[in-house]
Number of protein chains: 2
Amino acid sequence: MPLTPTTLFAALAHDIRLRCLVLLLRHEELCVCELTHATGAVQPHVSRHLAQLRELELVSDRREGLWVYYRIRPALPAWIQGVLRETAAGVADQAPFTDDEQALSNMANRPSASRCA
Amino acid sequence: MPLTPTTLFAALAHDIRLRCLVLLLRHEELCVCELTHATGAVQPHVSRHLAQLRELELVSDRREGLWVYYRIRPALPAWIQGVLRETAAGVADQAPFTDDEQALSNMANRPSASRCA
DNA sequence: GATCTATATACGGTTGACGATATATACAGC
DNA sequence: GCTGTATATATCGTCAACCGTATATAGATC
């Protein structure tokens, strides 16, 4: 599926997808278990929504052992980066995004590769 | 319906709604018949999608005689204005947005109140 | 190769958004 | 008040997105 303005916004128009993207904007790279823990959603949901973001080529994935790490694709069109930046800045202090950050930082046994942006 | 990040993006995730918003970003105020002509959609569709934008309080409407003029609400949260600005700038030179501009400027008998931004 | 963990996908059911169309409302002119 | 124009809403059928759940795949360890 091509990344058009409409499909971009459709991707952002879902609670879990948006929360994952905002988390990925603030943390360079996160694995599925971290996103699952942060959002409190069940794993198949997170995986499925990440798959949609992947099919749109909004995020890229990288396997390392058992873990699969996702990140925002760096080569996105400038205006899309702008939209994501404005969004992340605008929702940073709102629920549930603040809670997601909290849950992530409280998570025990995070895979070591996770690092903050 | 409240204007949340998710509902905002859902509003943007539709062809006609997005095109109307982009048109309204470039022209301070447009009436329904202008938006209908520019997009080439049938009038009830345009009306219904404008109603959704109105219920979200993304746009305001003003009746003047037979015509109802819509505009982007000026008091939107800063980050939403940022998202809209980035989007309008990013899609300005793409179809179908360029064609909408063309169709609008070619429209005969436009209500006089329409003015360019 | 058996087992465990992490992740992805498949299946079935439900619900909400959408388009097409018809009709209602609002206002102007006569 | 009748007619015409502009706009809004209502009805109905269809389809895509979503959730819950089950299961499949991938890799690590022993």
Side-chain angles (χ1 to χ4, degrees), chain A residues 1-2 4 6-20 23-24 29-56 59-71 104 107-114, chain B residues 1-2 4 6-20 23-24 29-56 59-71 104 107-114:
Chain A
M1 188 178 293
T4 67
T6 305
T7 58
L8 167 68
F9 291 124
L12 301 182
H14 185 278
D15 188 62
I16 290 180
R17 287 195 299 266
L18 183 59
R19 287 160 69 188
C20 286
L23 281 161
L24 289 172
E29 193 176 57
L30 293 170
C31 76
V32 179
C33 65
E34 290 172 315
L35 292 166
T36 301
H37 185 94
T39 58
V42 299
Q43 178 269 324
H45 279 198
V46 176
S47 261
R48 195 158 21 143
H49 289 297
L50 288 172
Q52 292 180 237
L53 298 177
R54 190 178 356 110
E55 283 156 20
L56 275 181
V59 301
S60 60
D61 63 333
R62 169 180 80 84
R63 177 175 280 270
E64 184 173 317
L66 287 177
W67 295 273
V68 176
Y69 292 93
Y70 283 84
R71 64 169 64 207
L104 180 60
M107 178 179 175
N109 301 324
R110 289 174 63 179
S112 57
S114 64
Chain B
M1 190 177 290
T4 67
T6 305
T7 58
L8 168 69
F9 291 124
L12 301 182
H14 186 279
D15 188 62
I16 290 182
R17 287 194 298 266
L18 183 59
R19 286 160 70 188
C20 286
L23 281 162
L24 288 172
E29 194 176 57
L30 293 171
C31 75
V32 179
C33 63
E34 290 172 315
L35 292 166
T36 301
H37 185 94
T39 58
V42 297
Q43 178 269 324
H45 280 199
V46 176
S47 259
R48 188 151 41 99
H49 289 297
L50 288 173
Q52 292 180 238
L53 298 177
R54 189 179 356 111
E55 283 155 21
L56 274 182
V59 301
S60 61
D61 63 332
R62 169 180 81 84
R63 178 176 279 272
E64 186 173 315
L66 286 177
W67 294 273
V68 176
Y69 292 93
Y70 283 83
R71 65 170 64 207
L104 180 60
M107 177 179 175
N109 301 323
R110 289 175 64 180
S112 58
S114 64

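Residue numbering restarts at 1 for every chain, and letters A, B, ... go by the order of the sequence lines. Hydrogens, waters and symmetry mates are skipped; everything else that's a heavy atom, side chains included, is used.
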Practice prompt. Please name all residues satisfying ring pair (Phe, Tyr, Trp, His ring centres under 6.0 Å) with B:His49, sequence neighbours left out, ordered by chain then number.
Written response: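 Scan of B:His49 (ring pair (Phe, Tyr, Trp, His ring centres under 6.0 Å), adjacent residues dropped) gives B:His14.
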Taking [atom1] from [X] and [atom2] from [N], how many angstroms apart are they, rounded to a whole number?
X	N	atom1	atom2	answer
B:Phe9	C:dA17	CZ	P	18 Å
B:Arg110	D:dA6	CZ	C1'	16 Å
A:Tyr70	C:dA8	OH	C1'	8 Å
B:Leu50	C:dG19	CG	P	13 Å
B:Asp61	C:dC27	CG	P	12 Å
B:Glu55	C:dA17	CD	C1'	13 Å
B:Leu56	C:dA17	CG	P	11 Å
B:Leu53	D:dT9	CG	P	13 Å

Worksheet item: Just by protein heavy atoms under 4.0 Å, how would nucleotides 17-30 of chain D read 5' to 3' in B, S and -?
Response: -SBBBB---BBS--
Worksheet entry | Residues that B:Gln43 engages under side-chain contact (heavy atoms from CB on, under 4.5 Å), provided they are two or more places apart |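 Scan of B:Gln43 (side-chain contact (heavy atoms from CB on, under 4.5 Å), adjacent residues dropped) gives B:Thr36, B:Ser47.
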Worksheet item: Can you list the residues that meet the side-chain contact (heavy atoms from CB on, under 4.5 Å) rule with A:Ala10, with sequence neighbours excluded?
Response: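 B:Ala13.
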Worksheet item: Do any side-chain nitrogens or oxygens of B:Tyr69 fall under 4.0 Å of OP1 or OP2 in D:dA6?
Response: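 False: B:Tyr69 side-chain N/O out of range (4.0 Å or more) of D:dA6 OP1/OP2.
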Item to complete: With sequence neighbours left out, write down each residue that passes salt bridge (Lys or Arg N to Asp or Glu O under 4.0 Å) with A:Arg63, or none if nothing qualifies.
Response: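 Partners of A:Arg63 by the salt bridge (Lys or Arg N to Asp or Glu O under 4.0 Å) criterion come out as none, since no residue qualifies.
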Worksheet item: B:Arg17: what forms a salt bridge (Lys or Arg N to Asp or Glu O under 4.0 Å) with it, not counting sequence neighbours?
Response: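 Expected list: none.
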Fill in: Test side chain to side chain contact (heavy atoms under 4.5 Å, CB included) applied to A:Tyr70 and A:Glu29, A:Arg62, A:Arg54, the passing residue
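Only one option passes, and that is A:Arg54.
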